[in-house]
2 protein chains.
Amino acid sequence: MKTTKISEAVVRRLPIYLRYLTHLHHMNVKTVSSQKLGDILDINPAQIRKDLAHFGEFGRKGIGYEVDYLIEKIKQILKLDQEIHVALIGVGHLGHAILNYNAYLKENMKIVAAFDVDPQKTGEVVAGTTVYHLDQLGDIIEEKAIRMAIITVPAEAAQEVADRLMQTRIKAILNFAPVNIKARDDVRVHHTDVTTELQSLSYYL
Amino acid sequence: MKTTKISEAVVRRLPIYLRYLTHLHHMNVKTVSSQKLGDILDINPAQIRKDLAHFGEFGRKGIGYEVDYLIEKIKQILKLDQEIHVALIGVGHLGHAILNYNAYLKENMKIVAAFDVDPQKTGEVVAGTTVYHLDQLGDIIEEKAIRMAIITVPAEAAQEVADRLMQTRIKAILNFAPVNIKARDDVRVHHTDVTTELQSLSYYL
DNA sequence: TAGATTGTTAATCGATTAACAATC
DNA sequence: TAGATTGTTAATCGATTAACAATC
């Protein structure tokens with residue numbers, strides 16, 4: 001099918017599929033049905049088929065989906081078939097943790113530079129990634145062809161950092177600061193934050 | 001209105017409202033309209049009114065919402081008017097970062113115990129929180145009246161940890177491991193994971 | 001062939017938004 | 001009073017699920 005308007009819900013499920021398909025690949029499984037996938041991931045099989053059908057006919061009737069082929073296709077859709085360089089801004093505790101997580105990101109995604117306003121941290125190397133001063137943001141992003149950014153600064157500084165990022169080529173931001181960041185229409189911002197998650201979970205106690 | 005069946009989408013917005021209302025409180029703002037709230041948070045004002053109306057009539061026609069009163073009400077709804085003790089399982093990089101985040105959780109939420117399988121880590125104190133061996137999970141959860149858990153172990157261990165948690169009084173789990181955890185109907189599990197977030201963002205590049 | 005499973009249409013369900021009477 | 005803003009109903013929009021012909 002043609003790429004009309006793909007909803008965010010669909011896009012958010014693709015990495016979930018990819019994750020389990022990769023697991024199946026390592027288990028040497030060759031083929032999987034939407035039924036099996038749905039059982040494991042707690043997602044309706046019809047929804048999985050529909051999600052995938054947005055992007056093409058990847059399965060075979062009577063058989064299911066070929067694991068390796070589907071992995072390849074989903075990676076293409078998510079642009080994970082190319083190297084994606086990521087910047088991280090804010091080398092506090094959370095920033096540190098994510099930098100240490102770098103090796104796990106795999107799928108061609110890599111944090112290649114970190115930034116902080118603290119001159120003490122500048123020049124430091126955290127888990128293999130150099131920390132630059134925030135003033136170098138534009139230059140390094142250009143130099144290292146960085147396309148995505150992770151914000152792990154305090155809430156008060158987040159919008160300012162986002163504004164600086166929007167003066168660069170960055171088109172996607174993952175914001176961990178507990179504040180709603182305003183961005184232009186052509187820049188995609190996702191928010192995630194431990195406190196908010198825990199507070200909404202608390203409702204169900 | 002009566003508490004019929006509140007959707008997850010509504011529950012997830014409540015902490016967002018609470019966060020900004022708390023900000024307004026610190027700014028000494030007394031009253032706010034759904035219009036203003038919506039502008040700042042990028043949420044439709046009608047939706048905000050509807051979300052809140054699920055739980056009662058908190059506003060005043062022609063005036064808006066009284067900030068302090070609404071804060072109090074949302075805290076009640078989210079059960080944040082009581083002390084909520086949280087356990088963290090898996091003291092790796094991410095676990096460390098979240099433990100250091102503890103002070104920021106506020107709103108009566110507190111990580112009071114950490115667990116790990118590594119005997120080397122047992123007894124250690126991270127950011128004020130003692131690390132216990134996983135074998136003590138049930139005992140400590142009982143002793144410290146813990147009601148929520150954060151899983152930050154590797155993917156392979158996550159389901160096993162969840163299974164152990166389900167033998168305790170825990171009814172809400174925040175899972176950072178990149179795997180879909182299966183749980184009983186009476187246990188609420190939310191998933192969050194940096195890799196998945198980054199991969200779905202990548203689609204928009 | 002018979003059984004399995006896709007891709008897709010139609011039906012259902014639920015969530016968001018618009019509109020407005022009530023009222024501060 | 002006039003203007004502002006809620007709570008709520010009705011309209012819209014979109015996402016999920018069921019069902020099934022096509023076909024491996």
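Computed from a prediction, not measured in an experiment: that's the story for all the values here.
Using bins of under 30°, 30° to 60° and over 60° for the plane-to-plane angle, the ring pair A:F55/B:Y203 lands in the perpendicular bin.
Side-chain atoms of B:H23 never come within 3.5 Å of backbone atoms of B:R19 as a donor-acceptor pair (strictly under, hydrogens ignored).
For DNA chain C, runs of at least 3 consecutive pairs of the Watson-Crick or G-U wobble type, with both hydrogen-bonding distances under 3.5 angstrom, map to C:3-24 with D:3-24.
Heavy atoms from other residues, nucleotides or ligands lying under 6.0 Å from CZ of A:R60 number 12 at most.
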Under 3.5 Å, which donor-acceptor pairs do the side chains of residues 141-157 of chain B form with other protein atoms, sequence neighbours left out?
unit_1	atom_1	unit_2	atom_2	d
B:R147	NH1	B:Q82	OE1	2.7
B:T152	OG1	B:I89	O	3.1
B:T152	OG1	B:G90	O	2.6

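If you take CG on B:L18 and CG on B:L78, they are separated by 6.5 Å, rounding to the nearest 0.5 Å.
Residues in residues 165-181 of chain B take part in these side-chain hydrogen bond (donor to acceptor under 3.5 Å, both in side chains) pairs, two or more places apart or across chains: A:D42-B:N180.
The distance from atom CD1 of A:I48 to atom P of C:dG7 is 12 Å, rounded to the nearest whole Å. Rounded to an integer number of Å, the gap from A:F55 CZ to C:dG7 P is 13 Å. D:dT5 atom P lies 16 Å from atom CG of B:L52, rounded to whole Å. The OH atom of B:Y69 sits 15 Å away from the P atom of C:dC24 (whole-angstrom rounding).
OP1 or OP2 of C:dG7 lies within a sub-4.0 Å distance of a side-chain N or O belonging to A:Y65.
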Please write out the pairs of protein N or O atoms and N or O atoms of nucleotides 12-18 of chain D separated by less than 3.5 Å, giving the distance to one decimal.
unit_1	atom_1	unit_2	atom_2	d
D:dT16	OP1	A:R13	NH1	3.2
D:dT16	OP2	A:R13	NH2	3.1
D:dT16	OP2	A:Q47	NE2	2.9
D:dT16	O5'	A:Q47	NE2	2.9
D:dA18	OP2	A:N44	ND2	3.4

Are any protein N/O atoms closer than 3.5 Å to N/O atoms in nucleotides 2-4 of chain C? If there are, list each pair with its distance.
none

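Evaluation of the side-chain hydrogen bond (donor to acceptor under 3.5 Å, both in side chains) rule for A:Q35 yields A:D39 as partners, not counting sequence neighbours. Residues passing the side chain to side chain contact (heavy atoms under 4.5 Å, CB included) test with A:D185, sequence neighbours excluded: none. In this structure, the side chain to side chain contact (heavy atoms under 4.5 Å, CB included) partners of B:Y69, at least two apart in sequence or on a different chain, are B:F58, B:E66, B:K73. Residues passing the salt bridge (charged side-chain N to carboxylate O under 4.0 Å, His left out) test with B:R188 are B:E8, sequence neighbours excluded. Under the rule for a side chain to side chain contact (heavy atoms under 4.5 Å, CB included), the partners of A:V117 that lie at least two apart in sequence or sit in another chain are A:L134. Take A:D118 and apply the side chain to side chain contact (heavy atoms under 4.5 Å, CB included) test, not counting sequence neighbours, and it matches A:D116, A:Q120, A:K121.
Between the side chains of A:D163 and A:Q159, at least one donor-acceptor pair of N or O atoms lies under 3.5 Å.
DNA chain C is contacted by A:S33, A:S34 of residues 23-41 of chain A, taking any non-hydrogen atom closer than 4.0 Å.
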